[in-house]
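All values derive from a computational prediction rather than experimental measurement. Chain naming here is simple, since letters A, B, ... match the order of the sequence lines and numbering starts at 1 in each.
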2 protein chains.
Amino acid sequence: MYTLSEENYLKSIYRLAQQPNFKITPTAIAESLGNNPASVVDMIRKLTEKQLIAYDKKKGVELTQQGLKDAVLIVRRHRLWEVFLLEKLGYHWDEIHDIAEELEHISNATLADRLDKFLGFPEYDPHGDPIPKANGKVPKPFSVTLTDLKMGESCRVAAVRDTSSSFLQYLQKLDIGIGTRIQLIEKISFDNSLVISISGKENTTVSQKFGENILID
Amino acid sequence: MYTLSEENYLKSIYRLAQQPNFKITPTAIAESLGNNPASVVDMIRKLTEKQLIAYDKKKGVELTQQGLKDAVLIVRRHRLWEVFLLEKLGYHWDEIHDIAEELEHISNATLADRLDKFLGFPEYDPHGDPIPKANGKVPKPFSVTLTDLKMGESCRVAAVRDTSSSFLQYLQKLDIGIGTRIQLIEKISFDNSLVISISGKENTTVSQKFGENILID
DNA sequence: TCATAAAATTAGTCTTGACTAATTATTTTA
DNA sequence: TAAAATAATTAGTCAAGACTAATTTTATGA
Ligand SMILES: [Mn+2]
Ligand SMILES: [Mn+2]
Ligand SMILES: [Mn+2]
Ligand SMILES: [Mn+2]
């Protein structure tokens, strides 16, 4: 389809666009890709010319209809490959993201759909992110976090926001995965730390930042 | 591991080295990759510096021990992915080569071995080429062709030398695949055309070039 | 053996996608 | 609102990996 770089930019812009009321600036894109803002300005020019994005000083960067379609396809491929790597090749959930980051760029007209079918049309990837459908429809992602829970309430872990291996490995250590049940025991008002019970076991304390990265059902 | 280009050069040199007594020249590499000889000379310099190849005017290009090891790994990945695409995703054998050409560059320490295991440690790829083992050992490829057959003898199709989709589609039309039995009925001395019987059915005539691209058991 | 053809190499250019440093525009804040 | 800070943009550079055109080297054969 496009170059590897173009695709990574599209995907990055798409991801930033998921945050409601967030203005997508060159700096924001630069940060999300680990690039220099000057390089981003170059690429914004290129993608604008190709009519994949529109850039307005006031509104920031927006994907065009075509750009959105392309970005969603890349995300679809990424998440399907993640399912494959975890379920078929036995990788752990903290290893799959980086490999999928490469696999998502393999371009073949029917590959995503064949993979989708082979995997049994999964709805969510191993991190709980919804997998865009073949028709381009994207199921609504989870948005309520552990910090939104009220005292005493319990929930099911539906997805993780941060997919870095340091976070995922921490979760593994705590025995938390997609589907794990968590009950909020107490909120420490000093720093918003959360005292939780994981799968009904003894209490553990986690930070606010931790809580914000756990999406629940 | 290396850049996409470096890997493609390594693989191309490896493939050329399979032909016995063949001097691997810049022109030969250029032809096999569809590149300009001048570009090849640049890359020969680069790969020599990285100690992956040795270039001697007299002997031509040779892979070093390290270069050979790396090339074999890329071939291993290529052929394993081809098996995956055919057996798991249902592609036809004339579609898989180009996709594997991209997939072979996905670099992850354990990916090839996991894929190998998932596929049940296949010995040959869908074109009959041997799949290098995890330890770097490469099973001996088939080398006898249809043109080596004597009048009246019959054989089993073991592999194809040419993997272009035009050749593979022609084979499909003739109902020839890996494992098909072929009997040589007659050799036309004028142009070395071969009159053959495919799976015991009525006679068909194929060219010498055709015969040279069918490897038999 | 020497002329010609073919192959290899060099020199110089181009595109992509990065970068740094300098400059200009826009926001914040005092 | 003016100064200071931050963000965006421009200008210039670089490396990779390709190309063409020109030159040199090597091989071939009359
Ligand atoms: Mn990527
Ligand atoms: Mn994911
Ligand atoms: Mn390749
Ligand atoms: Mn093959």
**Message:** Using the side chain to side chain contact (heavy atoms under 4.5 Å, CB included) criterion, which residues pair with D129(B)? Sequence neighbours excluded.
**Reply:**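 Only R79(B), D125(B), H127(B) meet the side chain to side chain contact (heavy atoms under 4.5 Å, CB included) criterion with D129(B).
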
**Request:** Indicate the atoms forming the closest heavy-atom contact of K23(B) with K57(B), along with that distance.
**Result:**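 For K23(B) versus K57(B), the nearest heavy atoms are NZ-O, 3.1 Å.
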
**Message:** Could you check whether F84(B) and F84(A) have their ring centres less than 6.0 Å apart?
**Reply:**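 Under 6.0 Å, so yes.
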
**Prompt:** For the rings on Y9(A) and Y2(A), is their centre-to-centre separation under 6.0 Å?
**Reply:**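 Judged by ring-centre distance (under 6.0 Å), Y9(A) and Y2(A) do not meet the cut-off.
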
**Request:** Taking only heavy atoms on the protein side, list every residue of residues 19-26 of chain B lying under 4.0 Å from any atom of DNA chain C, sorted numerically.
**Result:**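 Output list: T25(B), P26(B).
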
**Positions of residues 47-62 of chain B (non-hydrogen atom under 4.0 Å from DNA chain C), listed by number** =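 By residue number: Y55(B), K57(B).
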
Can you measure [X] atom [atom1] to [N] atom [atom2] for me and round it to whole angstrom units?
X: E31(A); N: dT6(D); atom1: CD; atom2: P; value: 13 Å
X: L4(B); N: dA15(D); atom1: CG; atom2: C1'; value: 16 Å
X: Y2(B); N: dA16(D); atom1: OH; atom2: C1'; value: 17 Å
X: I29(B); N: dT9(C); atom1: CD1; atom2: P; value: 10 Å
X: I44(A); N: dT9(D); atom1: CD1; atom2: P; value: 7 Å
X: L33(A); N: dC19(C); atom1: CG; atom2: P; value: 10 Å

**Prompt:** On the ring face of F118(A), is K88(A) found with NZ or CZ under 6.0 Å from the centre and within 45° of the axis?
**Reply:**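 Yes, a cation-pi geometry.
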
**Sequence-distant partners of D94(A), side chain to side chain donor-acceptor pair (under 3.5 Å), two or more places apart** =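 So D94(A) forms a side chain to side chain donor-acceptor pair (under 3.5 Å) with Q169(A).
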
**Prompt:** Who are the side chain to side chain donor-acceptor pair (under 3.5 Å) partners of E31(B), not counting sequence neighbours?
**Reply:**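 Not a single residue meets the side chain to side chain donor-acceptor pair (under 3.5 Å) criterion with E31(B).
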
**Request:** May I ask you to say whether R77(B) pairs ionically with D113(B), meaning some side-chain N is under 4.0 Å from a carboxylate O?
**Result:**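 Salt bridge flag = no for D113(B) with R77(B).
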
**Asked** Between K50(B) and E6(B), is the closest basic N to carboxylate O distance under 4.0 Å?
**Response**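 Counted as a salt bridge, because a side-chain N and a carboxylate O are separated by less than 4.0 Å.
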
**Request:** Consider only side-chain N and O atoms of T147(A) and T145(A), and report whether a donor and an acceptor are under 3.5 Å apart.
**Result:**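 Yes.
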
What are the atom names and distances for every N/O pair under 3.5 Å that joins the protein to nucleotides 10-16 of chain C?
{"residue": "dT10(C)", "atom": "OP2", "partner": "R45(B)", "partner atom": "NH2", "Å": "2.4"}

**Request:** Output, in order, the C-alpha distance, side-chain angles, deciding distance and verdict of side chain to side chain contact (heavy atoms under 4.5 Å, CB included) for K187(B) and K150(B).
**Result:** CA-CA 9 Å; K187(B) 223 178 230 179; K150(B) 287 186 183 44; over 6 Å; no

